[in-house]
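Some notes on the structure that comes next.
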Number of protein chains: 2
Amino acid sequence: MGKPAAEAQTAQKSASNQPKTARGEATRKAILTAAERVIGEKGYNDASIGHITSEAGVAQGTFYIYFTTKEQVFSELVLEMGRLVRHTIAEATQDIDNRLEAEEAGLRAFLEFVQAHPDLYRIVQEALFVDPAAYEEYYRTFAEGYRSGLVAAEAAGQISKGDTETRAWALMGIARALGEQLVVFKSEKPIADLVASAYDLIANGIKP
Amino acid sequence: MGKPAAEAQTAQKSASNQPKTARGEATRKAILTAAERVIGEKGYNDASIGHITSEAGVAQGTFYIYFTTKEQVFSELVLEMGRLVRHTIAEATQDIDNRLEAEEAGLRAFLEFVQAHPDLYRIVQEALFVDPAAYEEYYRTFAEGYRSGLVAAEAAGQISKGDTETRAWALMGIARALGEQLVVFKSEKPIADLVASAYDLIANGIKP
DNA sequence: CTGAAACATGAATCAGTATTCATGTTTGAC
DNA sequence: GTCAAACATGAATACTGATTCATGTTTCAG
């Protein structure tokens, strides 16, 4: 994982649903947090508004004060995941000049993040079916930042020459597969070991 | 992608729904094919039984002669994808003794398969949410075959030593990411180019 | 203090759709 | 040819769950 572009606090959500008082703010966040947990655990379709609001400790109708639709809360979670992940990786790699080292640190940060937020991870995966546009945006944004990092590293002679676009996708694929090991397959292997093996593969390949 | 274990034509489906005549056989297959297309396109939840049966050209009730549940037809599609993909790769790599070459040929075969069956590809992804057991089975089976291939190659000195389990997951992750490029992101890049870049990464890594 | 805007409630609405079933039609073994 | 088993039909059932709404309650600017 590399150094994706940092990012501003991003746009205001769509419609007329932003809270105007501290109480509203708190309620909205409670619903969002509950949605993350419930949707992450049960999946989009089995997570009913009732489940979400009861987990949040509010009445069902309250949901529609802050969100116009079940899909909207989902999309917002996908966006949040994107922001958080990019921020996490950017922070973990900001002081590292060498690309290969940055790759290693970024991968570690990503896996730690995923382990800490398993629900968000699953939500992004499900976005392919629930909100394809958000899914594409998530990966495209990520890939672009990644790719430009590789281009710079290539120019600086820190990595060999190659097709940076395909490399970016492949490296993201590795990160994703290892994240899935942790979250979906509940692997017990320590993150440090995963990172070490993946790093060796990324740096040296597997030829004898 | 490597040489997964081959496989027998696999078990009889669960309950009492196997056709007993040629007509029944044909109808069942028509429904299965329609389900593949419709579910692949609309996703599990938006694909109603009505959509599927009308695409298949049969009445709604006919569905329940051959499948006990909407989920069952989905699971069957996931299993089918597993069989097909393993078979395809096994065939593409059976005459190749060198592991790195097998890796290349297997990846190419996988990508060609995925491009030819985009619906099946999406169905497997959605299985994580619709039928997690089938999803796990799909990837576990695949990973085991993959890993044992790597172990053999390592023993034969065809690849460097390393953590074969993590390597297997990482390599599968690369294949998956590139497949997604084709199916989800509609990349125009020729498969040959994707394979060449990925092969270079897998064999040599990216260090300068 | 006060009243209008914000916020909260939860029961009712309303639509979609998986599954069942009573009723035909077709097939193939004998 | 015949008839029981297979197969097919599509309307009816049954249930789930997103969204709305009429009715309170709380907040806070002035």
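A note on names: the letters A, B, ... follow the listed sequences, proteins ahead of strands, and every chain is numbered from 1.
- Here dA8(C) presents its C1' atom at 16 Å from CG of N17(A), a figure rounded to the nearest Å.
- Between the CZ atom of F74(B) and the P atom of dA18(C) there is a distance of 14 Å, rounded to whole Å.
- Rounding to the nearest 0.5 angstrom, the gap separating the CZ atom in R147(B) from the CZ atom in F142(B) is 15.5 Å.
- Within residues 33-59 of chain B, the residues approached by DNA chain D to less than 4.0 Å at the level of any non-hydrogen atom are V58(B), A59(B), in residue-number order.
- In this structure, W169(B) and E180(A) have side chains that are not in contact, with every pair of non-hydrogen atoms separated by 4.5 Å or more.
- Contact check for R99(A) versus I206(B): no side-chain heavy atoms found under the 4.5 Å cut-off.
- Contacts of T69(A) classified as side chain to side chain contact (heavy atoms under 4.5 Å, CB included), with partners at least two apart in sequence or in another chain: E71(A), Q72(A).
- In this entry the distance linking CD1 of I65(B) with C1' of dA5(D) reads 13 Å, nearest Å.
- In this structure, the side chains of Y135(A) and E126(A) stay at 4.5 Å or more apart for every pair of heavy atoms.
- Contact annotation: T27(B) side-chain N/O to dA8(D) OP1/OP2 distance is under 4.0 Å.
- Rounded to a whole Å, the NZ atom of K20(B) is 16 Å from the C1' atom of dA8(D).
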Original post:
With the sugar-phosphate defined as primed atoms, P, OP1 and OP2, and the base as all remaining atoms, what B/S/- string results for nucleotides 20-30 of chain C, 5' to 3', for protein heavy atoms under 4.0 Å?
Top reply: B-----SS---

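- Between V195(A) and L178(A) the shortest side-chain heavy-atom distance does not fall below 4.5 Å.
- An OP1 or OP2 oxygen of dA18(C) is reached within less than 4.0 angstrom by no side-chain nitrogen or oxygen of T69(B).
- By the 30° and 60° cut-offs, the orientation of the rings of F129(B) relative to F129(A) is perpendicular.
- Rounded to whole angstrom, the span from the OH atom of Y66(B) across to the C1' atom of dA8(D) amounts to 8 Å.
- Checking each of K42(B), E41(B), R37(B) against H51(B) for a side chain to side chain contact (heavy atoms under 4.5 Å, CB included) leaves exactly one that passes, namely K42(B).
- Nucleic acid contact class of F67(A) (heavy atoms, under 4.0 Å, all strands): none.
- The interatomic distance linking K29(B) (NZ) with dC7(D) (P) rounds to 15 Å, in whole Å.
- Summarising the local packing, CD of E137(A) is surrounded by 12 or fewer heavy atoms from other residues, nucleotides or ligands at distances under 6.0 Å.
- Look at CD1 on I31(A): it is 12 Å from C1' on dT9(C), rounded to the nearest Å.
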